[in-house]
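Any value given below was found using the heavy atoms of this structure, including those in side chains, with hydrogens, waters and symmetry copies removed. Each chain gets a letter, A, B and so on, in the order its sequence line appears, and its residues count up from 1.
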Amino acid sequence: MPTFKAPKGTRDFYPEDMAVRRRIEDAWRSASIGHGFEEIEGPTFEHLGLYTVKSGDGIVSELFSFRRSGGTDDYALRPEFTPTLARMVAARGGSLPRPIKWFAIPSHFRAERPQRGRLREFFQWNVDMLGLDDPSADAEVLSTGLAALDALGLRPDVATVRLSHRDAVASALEALGVERESMYAAFQLLDRRDKLPPEEFAKKAGDLGLGPDGLAAFDRLARIRRPITVDPAEIAAETGVPVAAFEPMVALREALDDAGVSEWCEWDLGIVRGLAYYTGTVFEVHETGGGERAIAGGCRYDGLVELMGGPPTSAVGFGMGDVVLGLVLRDRGLLDGIEPPRPTVFVLVADDVAERPAARILASLRQAGVHARRSYRATRNVGKLMSEASRAGAGHAVIVGRELEEGMVVVKDLRGGGQETIPVDSLVTMFTGGDDE
RNA sequence: GCGGCUGUAGCUCAGGGGUAGAGCACCUGGUUGUGAUCCAGGACGUCGCGGGUUCAAAUCCCGUCAGUCGCCCCA
């Protein structure tokens, strides 16, 4: 018989893994709802064209795409959610009340070589706010993400938001002599500042029309890392760029301050993020040590809904994957002790004649909404059964046995250790009365 | 697509040309009811796979596959 393994880059979620996943998803969902976002979902696969129209044909090699046997349409498992979101917004056009505040926790699929923090199937929390062209929307979206991180135990000393603003950087680069038509190439170079040898960096910068002075300023700009409270005039002085270029950053900073999250944030003008359709604010959330990939990435994408056939719609959102976040949380012990739901009651049968009464007791507990389990072993050895109840993490064990003759059962508190003999009739009340966990 | 490292029991690993090992976990029983660091017993492997060398390969050689980490890319 052939043996099968989970496909490359996918994961099996055993109960303990599922408990961790639920913890993360619960934090995401709670933060979203608490900040006024509503949950949506879309199809797991879409028309291939939905992705190529936005990202170009080159994206196809990164997708799991397919055609139904005998069919004519090309599909792809969704590699991200934003196109689906933009499609959904475009489909309802202007009929949706603005701003639109939606979140989703979809699975995604990418045909990449797996490595640390990157798998072929993963879950990504998406939070998006559309139809409000104001920095307060950027701040609201970002603070939603940070609320989830906070709920999971991460704090500003452990996770940092690196922020930039494409309009500000574009103005700065223009002031340094970069032609408008070279702007996208300049962003790409900015993104690769730490990966290229200095000579190559200088050469590519020269191709953009930058002289030696401009190159030096470009390099300084690319490496700007400052507290978010810094005076833009300081950055202007350091890079030789007129301070007016950094104007968009001031309004963003004020919005972040009002949202109460500026403690998490710093400027990093080297943050670019790849896509051409990004506009305005861009940010990444990183572990402060910086060893892992980005925990989350977000941006403004004011043109995308229109690209999908909808009305011009401003938009800002972010995605946060479960893989890197899980690694960061695990490294800090923040996932220790998470386990699947544990039963309130564990019913054990201590006597052959108690088998059917025990079954009835179990059913009555469950019908009353109590999480109750039983042993499926044949043994009547109470010690072994008690051990099983303990390993199951049950709060109480109910021994159904000889006391039944008097209409009684024994209830043992597995946390505290005490036990009492009570009438069978009062058992359900005991566990629904509110004085038990 | 390219490179490093690792593949031996369910898990963690030892062994290193001559009959396949340990700990943990798991299962059963301990004759009559209380959470095992108790006792006794049990199941467990084509040593990733294929080829080569050898009287003999888990062990040495070659290849291959898988996992993992990195490069490329990263929505």
Practice task
Consider the side chain of A/R113, meaning its heavy atoms from C-beta on, and name the nucleotide among B/C72, B/G3, B/A75 that approaches it most closely.
Solution key: B/G3
Exercise for the section: Using a cut-off of strictly less than 4.0 Å, decide whether A/T82 has a side-chain nitrogen or oxygen near OP1 or OP2 of B/A75. Expected result: no
Exercise for the section: Fit a plane to each ring of A/W28 and A/W125, take the angle between them on a 0 to 90° scale, and name the class: parallel (under 30°), tilted (30 to 60°) or perpendicular (over 60°). Expected result: parallel
Practice task
Identify which nucleotide among B/A75, B/G33, B/C71 has an atom closest to any side-chain atom of A/Y278, counting heavy atoms from C-beta outward.
Solution key: B/A75
Practice task
Please work out which of the three classes, parallel, tilted or perpendicular, describes the rings of A/F218 and A/F201, given edges at 30° and 60°.
Solution key: tilted
Handout entry: Output field: ring centroids A/H396/A/F431 closer than 6.0 Å
Key = yes
Exercise for the section: Using the C1' atom as the reference point in each nucleotide, state the distance between B/C38 and B/G50 in Å, no decimals. Expected result: 49 Å
Problem - A/R78 (side chain) donor-acceptor with A/P43 (main chain) under 3.5 angstrom - result: yes
Practice task
Write down the partner of B/C2 under the Watson-Crick or G-U wobble criteria, each distance required to be under 3.5 Å.
Solution key: B/G70
Exercise for the section: In whole angstrom, give the distance that lies between atom CZ of A/R116 and atom C1' of B/C5. Expected result: 15 Å
Problem - Protein-nucleotide distance (A/K384, atom NZ; B/G30, atom P), rounded to Å - result: 8 Å
Practice task
Please give the nucleotide sitting opposite B/U34 as a Watson-Crick or G-U wobble pair, both distances under 3.5 Å, or none.
Solution key: none
Exercise for the section: Considering only NZ, NE, NH1 and NH2 on the basic side and carboxylate oxygens on the acidic side, decide whether A/R193 and A/D219 come within less than 4.0 Å. Expected result: no
Handout entry: Distance, rounded to the nearest Å, where A/D194 contributes CG and B/C72 contributes P
Key = 12 Å
Exercise for the section: Indicate whether OP1 or OP2 belonging to B/A75 is found under 4.0 Å from a side-chain N or O atom of A/R273. Expected result: yes
Problem - A/E121 CD to B/A75 P, straight-line distance once rounded to whole Å - result: 20 Å
Fill in the blank from the handout: Mate of B/C60 across any strand shown (Watson-Crick or G-U wobble, both atom pairs under 3.5 Å) is B/G52
Problem - Side-chain N or O of A/R380 closer than 4.0 Å to phosphate OP1/OP2 of B/U31 - result: no
Completion exercise
By the Watson-Crick or G-U definition, both distances under 3.5 Å, B/U12 is matched with B/A22
Problem - Side chain of A/K195 (C-beta onward), nearest among B/C74, B/C71, B/G33 - result: B/C74
Handout entry: Partner nucleotide, any strand, of B/A40 [Watson-Crick/G-U, under 3.5 Å]
Key = B/U28
Problem - Ring centre gap for A/F187 and A/Y278 strictly below 6.0 Å - result: no
Problem - Candidates B/C26, B/U34, B/A75 - which lies nearest the side chain of A/R391 - result: B/C26
Practice task
Would you mind telling me which of B/C71, B/G30, B/G35 lies closest to the side-chain atoms of A/K412?
Solution key: B/G35
Completion exercise
Taking B/A36, B/U34, B/C74 as options, the one with an atom nearest any side-chain atom of A/R110 is B/C74
Handout entry: Nucleotide B/A75, atom C1' - distance to CG of A/D191 in whole Å
Key = 13 Å
Completion exercise
RNA chain B nearest-nucleotide lookup for A/G418 and A/R118: closer to the 5′ end is A/G418
Handout entry: Length of the CG-C1' vector between A/L385 and B/G35, whole Å
Key = 11 Å
Problem - Options B/G67, B/C71, B/U34, nucleotide nearest the side-chain atoms of A/K8 - result: B/G67
